[in-house]
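Note that the structure is a prediction, hence the values are computed from the model and not measured. Below, chain A is the first sequence line, B the second, and so on; all start at residue 1.
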Number of protein chains: 2
Amino acid sequence: MSINNQVSGYSHSEKFYLAVDCIIFGFDKGKLKLLVFKRDVDPLRGEWSLLGSLVKENENVGEAANRVLHQLTGLKNVFLKELRSYSEVDRDPGARCISISHYSLIRFDEDVEQMIEEHGAHWFEFDELPALILDHDDMVKDALTALKNEARRRPIGFELLPEQFTIPQLQSLYEAIYGTTLDSRNFRKKVLSFNVLQKSEDKDFSTSKKGAFLYRFDEDKYNELVAKGFDFVV
Amino acid sequence: MSINNQVSGYSHSEKFYLAVDCIIFGFDKGKLKLLVFKRDVDPLRGEWSLLGSLVKENENVGEAANRVLHQLTGLKNVFLKELRSYSEVDRDPGARCISISHYSLIRFDEDVEQMIEEHGAHWFEFDELPALILDHDDMVKDALTALKNEARRRPIGFELLPEQFTIPQLQSLYEAIYGTTLDSRNFRKKVLSFNVLQKSEDKDFSTSKKGAFLYRFDEDKYNELVAKGFDFVV
DNA sequence: CCAAAAGTGTTGAAATTACACCCATGT
DNA sequence: ACATGGGTGTAATTTCAACACTTTTGG
């Protein structure tokens with residue numbers, strides 16, 4: 001912070017609780033999903049909430065967000081993006097508390113699913129989402145908007161899909177995010193034109209009899225591309 | 001914030017000072033500028049700093065940012081965008097303090113310039129910028145990146161230029177932001193194609209003998225355009 | 001043999017880029 | 001008359017959008 005002519009020091013001001021809340025997106029079976037938790041402390045026990053925590057003395061905001069995500073999912077170094085602060089004076093009836101939202105994209109994965117179960121968490125599709133505590137509904141809405149924007153600037157799919165995925169799966173993800181349908185020929189053309197996909201010999205037969213080729217993403221080429229900047233408008 | 005299974009309540013956690021800092025951009029004579037302040041309290045008295053303040057008990061973060069900006073410039077309802085938090089444990093040697101940066105674009109204007117003078121503030125061009133206190137240099141760097149991105153999504157010029165401006169001035173602004181040169185024919189074509197500029201009868205003779213026509217921006221059409229969404233890539 | 005999803009090319013329209021000269025005027 | 005910045009148009013290229021049929025194979 002700045003101590004300048006407007007501010008003569010710290011002692012005149014209040015201190016606040018500081019929290020992080022995480023909007024965790026997942027994608028499975030053609031549906032974009034949100035991970036929420038059943039709160040197990042009073043007040044509001046039993047209500048659905050985003051994953052969050054108060055920030056501790058010895059950590060910064062990003063570390064706090066990573067900590068809660070790790071505690072829940074066992075994952076480290078996942079894509080986790082700070083979004084914005086929520087600071088309405090009366091947003092939390094318990095105490096004056098500012099929260100900084102983060103969003104994260106995680107892959108469906110057996111280990112993670114088990115961990116999630118153990119924590120009383122649940123994946124909801126967006127059209128079945130229950131009401132969340134405090135201003136968490138706003139946080140989700142804002143994060144969804146941010147995800148849509150983000151999806152244009154980087155190939156989001158690589159965080160949300162399994163390590164190997166088919167092009168129809170990738171398309172279905174983008175359709176879920178944008179809430180539209182896309183032309184499969186144009187989509188395929190566009191996504192392949194980036195030259196960041198490695199075709200494998202194997203096929204996925206889970207959704208068709210013919211089977212669809214599996215691709216994995218070429219990390220080096222992807223990083224190059226992101227560095228150059230690009231616009232993945234589909 | 002969330003009180004869920006990871007967190008059993010408020011009382012176990014620390015409270016923090018919360019600040020806002022403002023990165024204030026201006027544009028004059030073909031140069032993009034940053035407004036900084038000479039700090040007049042200890043410690044670090046006399047050093048250059050962004051405009052900032054601690055957040056008060058009865059206001060939210062956005063209100064705090066508007067308050068300090070208003071105190072300095074007399075302006076209300078200026079474009080002010082929250083950027084991100086800065087929360088390194090040791091970022092402020094005085095006390096554990098989290099700051100939320102905002103950036104703002106303001107027009108050069110006599111009244112404002114006078115107000116600025118009175119507050120010991122100074123406009124610096126970016127290549128003459130002095131070192132700033134704490135992590136304010138990082139804040140500026142991040143804000144500049146954000147400004148470049150923002151400039152693609154909305155006609156930034158309308159916040160930074162005087163009410164009437166010429167197309168070469170607008171071009172020069174975009175060149176300053178992007179750090180490139182642009183083709184004047186293509187720029188003019190593009191900017192006029194948005195149909196948000198009203199041509200005036202008057203000319204500005206300050207930079208050429210022939211004079212350049214002054215335009216003002218059609219607020220209704222501009223708002224329409226922003227609502228529809230557009231990409232001002234030049 | 002048929003249902004269901006995967007895969008493939010072309011064409012017209014639109015947007016973008018590159019590019020060079022005349023105009024108006026103060027000195 | 002000349003130097004300076006303002007203003008204009010066109011052609012080539014690239015990108016985007018629309019659109020329909022064949023392939024594979026489990027049932």
A.B. asks: Kindly say whether, by distance alone, the side chain of K210(A) makes a donor-acceptor pair under 3.5 Å with the base of dT23(D)?
C.D. replies: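 Under the 3.5 Å cut-off, the side chain and the base do form a donor-acceptor pair.
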A.B. asks: In this structure, how many angstroms lie between the P atom of dG7(D) and the CZ atom of F213(B), rounded?
C.D. replies: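 F213(B) atom CZ is separated from dG7(D) atom P by 7 Å.
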A.B. asks: Atom pairs, N/O to N/O, protein against nucleotides 10-13 of chain C, distance under 3.5 Å?
C.D. replies:
residue	atom	partner	partner atom	Å
dT10(C)	O4	K189(A)	NZ	3.1

A.B. asks: Rounded to the Å, how far apart are L214(A) CG and dA6(C) P?
C.D. replies: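 So the CG-P distance, L214(A) to dA6(C), works out to 12 Å.
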A.B. asks: Measure CZ/F165(B) against C1'/dG6(D) and give the value in whole Å, please.
C.D. replies: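 The distance from CZ of F165(B) to C1' of dG6(D) comes to 16 Å, rounded to the nearest Å.
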A.B. asks: Checking side-chain contact (heavy atoms from CB on, under 4.5 Å) against Y215(A), which of T166(A), L197(A), L170(A) comes through?
C.D. replies: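 Of the listed residues T166(A), L197(A), L170(A), the side-chain contact (heavy atoms from CB on, under 4.5 Å) partner of Y215(A) is L197(A).
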A.B. asks: Send over the distance from R188(B) CZ to dT16(C) C1', rounded to a whole Å.
C.D. replies: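 After rounding, the gap between these two atoms is 18 Å.
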A.B. asks: Does anything in residues 192-204 of chain B come within less than 4.0 Å of DNA chain C? Heavy atoms only, and list the residues if so.
C.D. replies: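 Contacts with DNA chain C under 4.0 Å: none.
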A.B. asks: Is it true that the side chains of Q171(A) and E175(A) contain a donor and an acceptor less than 3.5 Å apart?
C.D. replies: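 Looking only at side-chain atoms, E175(A) and Q171(A) do form a donor-acceptor pair, the distance falling under 3.5 Å.
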A.B. asks: Please state how far atom CG in L182(A) lies from atom P in dA18(D), giving the value in whole angstrom units.
C.D. replies: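 That distance rounds to 11 Å.
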A.B. asks: Expressed in angstrom and rounded to an integer, what is the separation of R185(B) atom CZ from dT10(D) atom C1'?
C.D. replies: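 Spelled out: CZ on R185(B) to C1' on dT10(D) is 10 Å.
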A.B. asks: Specify the separation, in whole Å, of atom CZ of F205(A) and atom C1' of dA5(C).
C.D. replies: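 Those two atoms, CZ and C1', are 12 Å apart.
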A.B. asks: With a 4.5 Å limit on heavy-atom distance, are the side chains of V36(B) and V140(B) in contact?
C.D. replies: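 Result no, sub-4.5 Å side-chain heavy-atom pair not found.
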A.B. asks: Kindly point out which of dA20(C), dG6(D), dG7(C) is positioned nearest to the side chain of A212(B)?
C.D. replies: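 Given the options dA20(C), dG6(D), dG7(C), the side chain of A212(B) is closest to dG6(D).
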A.B. asks: Of the nucleotides dG6(D), dG26(C), dT25(D), which has the atom closest to the K209(A) side chain?
C.D. replies: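 Nearest to the side-chain atoms of K209(A), counting from C-beta on, is dT25(D).
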A.B. asks: Which sits closer to the 5' end of DNA chain C, T207(A) or S184(A), going by the nucleotide each is nearest to?
C.D. replies: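 The 5'-side residue here is T207(A).
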A.B. asks: Answer whether the closest heavy-atom distance between the side chains of D135(A) and E88(A) falls below 4.5 Å.
C.D. replies: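 No; the side chains remain at least 4.5 Å from each other.
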A.B. asks: What is the ring orientation for Y174(B) with F187(B), classed by angle as parallel under 30°, tilted 30 to 60°, or perpendicular over 60°?
C.D. replies: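 Tilted, since the angle between the ring planes falls between 30° and 60°.
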A.B. asks: Any side-chain donor paired with an acceptor under 3.5 Å for Y86(A) and D21(A)?
C.D. replies: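 On atom types as modelled, these side chains do not qualify, holding no pair under 3.5 Å.
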A.B. asks: Atom CG of L170(B) and atom C1' of dG6(D): how far apart are they, to the nearest Å?
C.D. replies: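 Result: 15 Å.
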A.B. asks: Kindly indicate whether the side chain of P168(B), heavy atoms from C-beta on, has any atom under 4.5 Å from the side chain of T207(B).
C.D. replies: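 SC-SC contact between P168(B) and T207(B) ruled out.
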A.B. asks: Give the minimum heavy-atom separation between R107(B) and E159(B), together with the two atoms involved.
C.D. replies: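 It is CG-O, 3.1 Å.
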A.B. asks: So if I apply the ring-ring contact (aromatic ring centres under 6.0 Å, His included) rule between W123(A) and each of F37(A), F108(A), W48(A), which one comes out positive?
C.D. replies: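 Going through the options one by one, the only one that passes is F108(A).
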A.B. asks: Would you kindly compare D183(A) and G211(A) by the position of their nearest DNA chain D nucleotide and give the one closer to the 5′ end?
C.D. replies: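 It is D183(A), whose closest nucleotide lies nearer the 5' terminus.
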